[in-house]
Amino acid sequence: MRVTLTVNGKPYSDDLEPRTLLAHYLRDTLNLTGTHVGCDTSNCGACTILMDGKAVKSCTILAVQADGSEITTIEGMANGGELHPIQQAFKENHGLQCGFCTPGMVMTAADILQNNPNPTEQEVRHGLEGNFCRCTGYHNIVKSVLHASELIK
Amino acid sequence: METYIGKPIKRREDNRFLTGKGRYTDDIKLPGMCHAAFVRSPYAHAKILRINTEAARNAEGVVTVFTAADGPGDFGVPCGWQVNFKNGDTMREPQHPLLAKDKVRHLGEPVAVVIAATMALARDAAELVEVDYEELPAVTNPQEAMAAGAPLVHDAWEDNAAFDWCIGNDRAEVEAALKDAYHVTELEFVNQRLAPNAIEPRSYIADYDVNADKWTLYSSTQNPHLIRLLLCAFALGIPEHKVRVVSYDVGGGFGSKIYHYTEEALLIWATKEIGRPVKWTADRSEAFLTDAHGRDHVVKSKMGFDKDGKIVAHLTDEYCAMGAYLSTFAPAIPTYLHGTLFQGLYTTPLIHLNVVAPFTHTVPVDAYRGAGRPEATYLIERLVSKAAKEMGIDPAEIRFKNFIPAFDGVKQPGYQTQVALQYDSGNYAPTLEKALEIVDYKGFRQEQAEARKQGKLLGIGISTWIEGCGIAPSAVVGALGARAGLYEVGHVRVQPTGKVTVFTGTHSHGQGHETVFAQFVADRLGIPIEDVDIAHGDTNEVAFGMGTYGSRSLAVGGSAIVKSIDKVLEKGAKIAAHKLEAAVEDIEYAQGKWTVKGTDKSISFGDVSLTAYVPHDYPEGLEPGLDFSSFYDPANFTFPFGTHIAIVEVNADTGKVTLKRFVAVDDVGNVMNPMIVDGQIHGGVVQGIGQALLEEVVYDDHGQMLTGSYMDYAMPRADDLPFIETDRTVTPCPHNPLGAKGAGEAGTIGATPAVVNAVVDALHHLGVDDIQMPLTPQRVWAAMQNVQR
Amino acid sequence: MKISGKHIIEAPVEAVWQKILDPAVLERVTPGIDQLEKLAADRYKAIADIRMGPVKGRFTGSLAIEDKVAPESCTIVLDQKSKIGNVKASITLKLVPLADHQTAVGYTGEARMSGMLARMGQRLLGGVVSTLAKQFFSAFEKEVNG
């Protein structure tokens, strides 16, 4: 089955097995391995990407469902060597340790801040509920997102 | 001069993780690589009657299918720690085959492996492998495993004990003291089984190069050299110099990626058979079924007190599950990493712990963050808090009464415990004082009383903890049964231009070694941090190493690097003295240059480095080069300690526990990077909170796992938690050059009892004096109902 | 997992008893059943395709009817294997005449699952079983009255 879509601003068109998950398409076909897979029940959120501007768990949808859409992955966040303000905030606040959940956290944070540019701590915590981190206890991730909301202003 | 040490330097590794450029094992693709899928047992205990692989072999894209009979059944992964029976009999050590032969002994045990062109085709074909089983009765609870007539995990022995063990004072003496005690507090509970749940599932790629007769294993491991050693010397018997183990970025470990797993060895065996690289990455379901679990102790305990609340004796009996096979460090966890912490922070004069460690029809149990020490701390801190309630003593006061007085390990000697170890240095009361101040303990008690009048249930829980980490002198751990040394290797390579690459045998999977290690290296050499790179995770780059676990990286690995820096500076001084035409005794090193004392004659680190590699004008008899490797074998364990306080509110109608505040005042010795230490504490604390409130692996009576996915295993989430308030005191470790004690496990060790003590405190006036973890709303609600009736 | 429930069927108890033990009827009305092949008296080989949300698989195995007390009760014993796990179940049916043309069919029993079914399906399976039971009884009622 043919899938035509835009990923990080670049057009792609590939023939895929219909059952291919978007996460596997990004990782295996496009070599965008920043999108991680941490579970098989759509709970952990490591695979979160933006699809037409909305945070989506890319292990939950088939690549063919993304046909015609615009995808942004973690690789598409920085502008050349300059980190996106959310990435910058994660770095400044030690919002990551092993780095595995980080791409999903950053993409989810982008969605949270798009919908709510001035979130409270509780709103950030609620927004991150679908993303697991085993390293940070979420403390510095929540701080990072709050800090990012300041940086984006 | 300290330019970097003690500063919250931002992590140098972050940019690659933040831009999606991390190099995790599953990100790697090799030419011609195929994929493995395992056929796993759906039963906890069964005879394998027949395996039919024909349909799978003929399926699309399948390269081959292996069962035990094809060879892997002859190989097994070893156990790295031997704990013998009390009577001197050797520990029972069954073969742990790469694929199950005649019997399966736990749910998810691999029975066959299918190798195919893609992951999807391998999984499709794995479904076509037909296995006929005869299901047998299973036992999953360690106490039940020791009951007469319990199903045997290994038929070779008459019961399920892998070993039994005890530590401390003579049992009769402890029992007599308990008999005479003014008050005895009793506690029985299960320290429940946990799944480690690193968010990156385990992943391996094995690649055999037929021309060179060499293997490469890419592995999501915490200790590449140890895996190579176990793989070569014990599992497969292949030459160690022909094997390279690489683990670049690893997505969290928490203990679960220390061990040498059957899949690793099997892939190395298989890649030579098929002549192609082969990859396997666990899915989360396989992670629950096959990653070594943590905890799982059935505990029965008594602690005796005099009338002033001083502890006079402590006696505990435990059944500690080993699982179906002995994982790499499994026997050490409920013994030398557990019993040796039964002194806690207290002057308890008489202690006895008895452990029976049975095999069970479950996945093996091994170290999970804290490893034996959270279990010890939970037990002691629950006992002390329960006793305080029973004796009408304030829980803070009872701890102050029992603390070991301060000792720095230099002027005052280390503290000799009743349970073998000698504490290095400690000053316990200030952490409790500070934590009480942060939470405004007196103020909280008033608030609690007011809230109670309005039907609101608030509680506060204290936990004062200690752990032994950074293990330890190799000769000592050898005497305790370790089959490996526990030193570390630090290699400092100064390039001709004065740039420095440091190779460490420890491994970073989130701990930030690339930053922290560079901080003290740059300071010790007096050079910019940009001139220092840290390399780890490749056995071809790093001479040797024991990896990262047990909060050992800085205390042991860092110290090894310091030894090499000292050698660099010593040799550099000879070169500098020659160039400066002065005696070595007359020059000194500071801020990146050697200076003739009292003059302005100096030579920079860079110039000395260049001279070492371009030795035209050079000291006679001195070797060129500036490159040193050192092995550091620690003089003792290190003993971080601290106080954790939790404040909770319990919903009186639903039993739901809300964590309102969590304060952690920890003493991890000298701190290189406070930002990173705090991060370690935050994460550790939340894992401890997870055990207290949410997490449990549940097997049913037949050994089926009821919590095999994130839909059923409750992981802590962002909105379950408040910010974690951290503070610290600093009591340097007296026996390593950095004065560091270790911070990786501290949070997990201290947090769990603080939370449970807080919930019990909230409900104590209703008559609740203990609740089994995890404190789910259902359990808390039931506890309230039971006593109210 | 415990299974229990009750359905009222608009038919006399004898008619219900006869049809409920008829393999041809069972094959037609049991949701997902592809094949019910008689092996011996009251013993069948059963092949079923169950597709219900995340519980999805082809089950093969045996079905036996035991402890028959006409027209009151019997026990259905299932031993089914699939790629997503195996099921062993024993379910006792009790028929109680309510009026001339009404019979209450009660069922109680226990199902034991293994593999992924046990791990992932257990929590969802209660719902699956009750949906399947509803489908079964409504098809069965049509069969009895049709």
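Order of the sequence lines fixes the chain letters, A, B, ..., with proteins taken first and strands second; residue numbering starts at 1 for each chain.
For chain A, the nearby part of B:S709 is the side chain; its heavy atoms alone come within less than 4.5 Å. For B:D26, the parts lying near chain A are the backbone and the side chain together; criterion is any non-hydrogen pair under 4.5 Å. Only the backbone of B:P722 comes within contact range of chain A, with at least one heavy atom under 4.5 Å from a heavy atom of that chain. Contact annotation for B:Q680: both backbone and side-chain heavy atoms come within less than 4.5 Å of a heavy atom of chain A. In this structure, the portions of B:A120 lying under 4.5 Å from any heavy atom of chain A include both its backbone and its side chain. With a 4.5 angstrom heavy-atom cutoff, B:V685 does not touch chain A via any of its atoms. Neither the backbone nor the side chain of B:I681 comes within less than 4.5 Å of any heavy atom of chain A. Of the two parts of B:D249, neither the backbone nor the side chain holds a non-hydrogen atom closer than 4.5 Å to a non-hydrogen atom of chain A.
Counting heavy-atom pairs under 4.5 Å between each of A:C133, A:C135, A:C101 and chain B puts A:C135 at the top. Top candidate by heavy-atom pairs under 4.5 Å with chain B, chosen from A:A78, A:C39, A:G34, is A:C39. The candidate with the highest count of non-hydrogen atom pairs below 4.5 Å against chain B, out of A:T20, A:V37, A:D28, is A:D28. Top candidate by heavy-atom pairs under 4.5 Å with chain B, chosen from A:H36, A:Q122, A:M105, A:M77, is A:H36.
Checked by atom type, the side-chain pair B:N223/B:Y549 shows no donor-acceptor distance below 3.5 Å.
Residues B:H509 and B:E200 have side chains not in contact (no heavy-atom distance under 4.5 Å, counting atoms from C-beta outward). Residues A:Y12 and A:L5 form a side-chain contact, since some pair of their non-hydrogen atoms from C-beta on lies under 4.5 Å apart. Looking at heavy atoms from C-beta onward, B:W280 lies out of side-chain contact with B:T25 at the 4.5 angstrom threshold. With a 4.5 Å cut-off on side-chain heavy atoms, B:I689 and B:T752 do not count as touching.
Within 6.0 Å of atom CD in A:E70, 12 or fewer heavy atoms from other residues, nucleotides or ligands are found, so the atom counts as exposed in its surroundings. Within 6.0 Å of NZ in B:K29 there are more than 12 heavy atoms belonging to other residues, nucleotides or ligands.
In this structure, B:Y24 has its ring center no closer than 6.0 Å to that of B:Y248.
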